[in-house]
Amino acid sequence: MSLAQVHHISAAPGDEEAAGRFTAVGPGVSAALLAELEPLIGYALPDGASHRPADAELRSLPQAFTYAVLSDGSRVVGRTAPARGDGTAPVRFHTHAVHLPPGVPLPGDRLPVEAWRSPHWVSATPVGGGALSDPLGLLPPGPAPVREGLDDFAVSRGPWLAAVLADLRRASEEEAPAGGPVVLVERQSADVARWLGLAAVTLPRENVERLTFTTYTRRPGSSALRVVGAPPEDAATAREAGLRVHVCADRPPVDGTADAWARTAARVWRSRAPELFEEARGLPGDPFAAGPLAVIALCSGVALGPEERAAAAGWAAERPYALDAKRTGQLVEALTSPGIDDRTGSEFDAVGRLFGALDGRCPASVTAPLAAMLVTEAVRGGNGSLELPRRDAFVGPEGEAIAGVLGPEILTELESGAGGGRPVARTVQLLRVARLLGVNGTEVLPEVVARLARTILTEADGSEGTPAFAPALLELLDEQFDVRTALLGALDRIAPEDPGAVARFLERVALPFTGTQALPHLRMCAEAPGAMTTLGRDRSAVWHRVLRAAGLSPFAEPLVLRTAVGLVWEDRAPTVEEARLLLEAATSDAHRAAGTWARLVDAALGAPADTEDGTALAHDLLRAFPQEIGGRERAALQLLELCRDLRSGAPEPGWTEQVRTLRDRAAPLEPAIQERAFTALTERLLAPDRPGAELYAFVRSDDADLIAAYDRAARTEPTRTRLRTHPAYAADCFTNWTAHPHAGTAWTTTAAALLDEVLRPAVRGMTAEAVAEVEETVGRTGSSGRANAFRDWNRSRALGRLGRRIAGRVRRG
């Protein structure tokens, strides 16, 4: 069919009053479409251009090649070029356009940009009904019109290629991206057309057809097209308008693009291999995924970056059936090339997935280079996340060769003393690779596993949740029975030292110790969390259950005591009741071998002052561990034992001095023990049957702390009650509290206060007969002078009150 053509003459430069006009309009183009078309083809001269250009200047002015979609779905392809005018208008801008009704393709199913170089665009309106030229229908056959010179142009624009192609791809999406057109700034409008030619070859056809454009405009911010060309002087204005601007006529950009597909496409163009785009479109997958294009590029010898190589390997791993044997071999060869020195972890991970997909599907000769590359990276690159090949991937000469190279390196690193700081994932990786390659590490295994066990606990305690190394570790233990046996044994030996850390680790990582190994400590550590959840705060019940999980008696293996105590009480001391249970559950020899006797001592020393069993526990501990307990702990326990004897009424003589001596030896003494000892001593000194020698030694000691404790005990309600109800006891206290007038200051002050504030109220509340009995007892046990002293003391208080009353009355009178 014949397509309608349109010719238009724009106003001359400088002639602001004149308007452009359509000089010829083909059939079917309505006035409304013409009104819509006219803003698209307006032309403004570049800055600095002459309004009366010479012929050479006229030919150098930019041409605007435009492709637009109108509101009714029809399309327009046209060219606007400067042309020589008449005398009054030296320059006119002539537009020659072809209108394509909706649904009508270009002749020969060509792309709009292919008409850019058509020789049939005219710069004047045909006169007198002459034959109209056909710029679309008379295009030369084949791709040459659009691709001619594009390779050279792409190479010259190498620094901008990836970023521009990425934006052109986004601009060609079904829904036009918000934010206005992509602006390509070039000094020559023909170079903008070449950019569009690159897009036409690179993008799928449906995307190219959506890419409306013009190669030249002075108003990019107001354009409704998706891609516009602009001169350098308009770049700043376009940026200020928020448009995506690529100044390809300036210095190369510093930053790149994150679009891996665009970077791959740029490398293809720089390699002068545009035919690869069509090949890549024949592969399955997203047309703008980097994988298919990267695969074709690598198979064709195009050098790519690490992210693009990773995309190729990842795509091929997901679709190993999409490539024939030849391309698979080419891809493997490209990925494993020894000349590549910038591989990344993500690339190795993708290559690992590719190996897993090809292994068993392709001959070993194809996959062997991938396997060798993976294990080499595992050993030399320290990539602990790699999915390692199966062991049978290294049979034959390839396996022997790589084992001969990497084996010594593996053993050297495993033997190195720095292994104590080596991460778990690294050691696990080395052990797994050693097995894959058949490297004999029997001699170094015990030391390696011993260090590994401790590092496992350290790293696990420093992480939250399941440690990152857990999956690889479990695979190692599943693969290598000798490593599993050695590691479980090492952890079992460590458990008594730090059972809490082992229990926390086993709660996160379920180690396989269900075999024939005894492993009593590991079994206890695995049992503890569940026992605590079930039995709650009943630590004695938890301890019994954990101990049963060991499967061994503490008499046969004392260290299970240490593990059980560490699991249940961790860094806390048992209570006195719990400590007595532990002491009775095993012999002193077992506790001595396990070192748990120290926990029992802590329980006794940390007991509250009102816990009666604490003194009995101290007595038992001193007899059970006479050689182990020494220093201040021994003195503190002896002090508790003395408290027991003081309460029972059968202490050795000199116990006042014993309390003071043991207190000083046990410094710094626990406050509860000191309170218990002082209370026991003072209560014994206040007893009616206390030895006089002990009271004398106490008074003469002038020990302020002890005397203060005596004062507190004398003021308690039981003592006050006894004073009120037992005249003989009151007489005894009077005698004692007045018998040492020349003792130290602490005692004389305290005794005077007790006489006045404790004894006097008690005597005052007695009957006359009871007071007389007190006086008689004082005289009988002491002397007549002592009885007179009591009488004077008792009277002095009453007379003192009477005298004060009389004096008051006299003053008032």
Side-chain angles (χ1 to χ4, degrees), residues 453-454 456-458 460-461 488 490-511 513-514 517-608 611 613-614 616-618 620-621 624-625 628-629 633 637 670 672:
R454 295 193 178 277
I456 281 173
L457 298 180
T458 302
D461 254 4
L488 293 178
L491 288 172
D492 192 67
R493 289 188 292 275
I494 293 173
E497 302 173 18
D498 193 356
V502 176
R504 289 189 295 273
F505 172 68
L506 293 179
E507 198 171 9
R508 300 178 188 177
V509 182
L511 290 184
F513 53 88
T514 56
Q517 282 180 276
L519 306 173
H521 304 284
L522 282 187
R523 297 182 192 279
M524 295 168 73
C525 292
E527 183 70 22
M532 291 178 180
T533 301
T534 304
L535 301 174
R537 297 185 178 181
D538 190 348
R539 293 186 290 192
S540 298
V542 173
W543 182 78
H544 279 296
R545 179 166 158 183
V546 167
L547 199 58
R548 284 196 301 271
L552 291 176
S553 165
F555 302 101
E557 175 52 65
L559 279 181
V560 298
L561 277 175
R562 183 193 299 177
T563 303
V565 169
L567 286 170
V568 177
W569 285 277
E570 297 186 16
D571 56 350
R572 298 168 295 179
T575 64
V576 171
E577 294 77 11
E578 292 167 346
R580 294 184 68 84
L581 169 68
L582 293 175
L583 189 58
E584 294 168 2
T587 64
S588 60
D589 288 340
H591 281 292
R592 190 176 294 109
T596 48
W597 62 267
R599 292 294 192 99
L600 308 181
V601 171
D602 291 341
L605 299 182
T611 303
D613 288 345
L617 176 62
D620 295 342
L621 291 176
F625 310 106
E628 288 72 27
I629 303 175
E633 288 80 8
L637 292 178
E670 288 79 359

Checklist entry - After noting the C-alpha distance and the side-chain angles of L581 and H544, does the key distance pass the side-chain contact (heavy atoms from CB on, under 4.5 Å) rule? => result CA-CA 10 Å; L581 169 68; H544 279 296; 3.9 Å; yes

Item to check | Residues F513, L506; criterion side-chain contact (heavy atoms from CB on, under 4.5 Å); working and verdict | outcome: CA-CA 11 Å; F513 53 88; L506 293 179; 4.1 Å; yes

Checklist entry - What's the verdict on side-chain contact (heavy atoms from CB on, under 4.5 Å) for S588 and W597, showing C-alpha distance, side-chain angles and the deciding distance? => result CA-CA 8 Å; S588 60; W597 62 267; over 6 Å; no

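A pairwise comparison of heavy atoms in W543 and A564 identifies NE1-CB, 3.4 Å as the closest pair. Across all their heavy atoms, A453 and A490 have their closest contact at CB-CB, 3.8 Å. Nearest heavy atom pair, residue A603 against residue V576, reads O-CG2, 3.8 Å. Nearest heavy atoms, E670 versus L605: CG-O, 3.6 Å. Smallest separation of non-hydrogen atoms from L617 and R580: N-NH1, 3.3 Å. Nearest heavy-atom pair, A503 versus L567, reported as atom, atom and distance to 0.1 Å: CB-CD2, 3.7 Å.
For the atom pair CG of L522 and CG of L491, the computed distance is 6.0 Å after rounding to the nearest 0.5 Å. The distance from the CZ atom of R562 to the CD atom of E557 is 10.0 Å, given to the nearest 0.5 Å. One distance of note links CZ of R493 with CG of L559; it measures 12.5 Å at 0.5 Å rounding. Here E497 contributes atom CD and T563 contributes atom OG1; the two are 9.5 Å apart, rounded to the nearest 0.5 Å. Here the CD1 atom belonging to I456 is positioned 7.5 Å from the CG atom belonging to L511, to the nearest 0.5 angstrom. Here L637 contributes atom CG and D620 contributes atom CG; the two are 11.0 Å apart, rounded to the nearest 0.5 Å.
Between H521 and V502 the shortest side-chain heavy-atom distance does not fall below 4.5 Å. T596 places none of its side-chain heavy atoms less than 4.5 Å from the side chain of L582.
Considering only residues two or more places apart in sequence or on other chains, R592 meets the salt bridge (charged side-chain N to carboxylate O under 4.0 Å, His left out) condition with D589, E628. Among residues two or more places apart in sequence or in another chain, the salt bridge (charged side-chain N to carboxylate O under 4.0 Å, His left out) test is passed with R599 by none. In this structure D498 satisfies the salt bridge (charged side-chain N to carboxylate O under 4.0 Å, His left out) test with no other residue, sequence neighbours excluded. Residues satisfying the side-chain hydrogen bond (donor to acceptor under 3.5 Å, both in side chains) test with E578, not counting sequence neighbours, are R539, W569, T575.
The side chain to side chain donor-acceptor pair (under 3.5 Å) analysis of residues 524-537, with sequence neighbours excluded, yields the pairs E527-R545. Listed by first then second residue, pairs satisfying salt bridge (charged side-chain N to carboxylate O under 4.0 Å, His left out) with a partner in residues 501-511 read D461-R504, not counting sequence neighbours.
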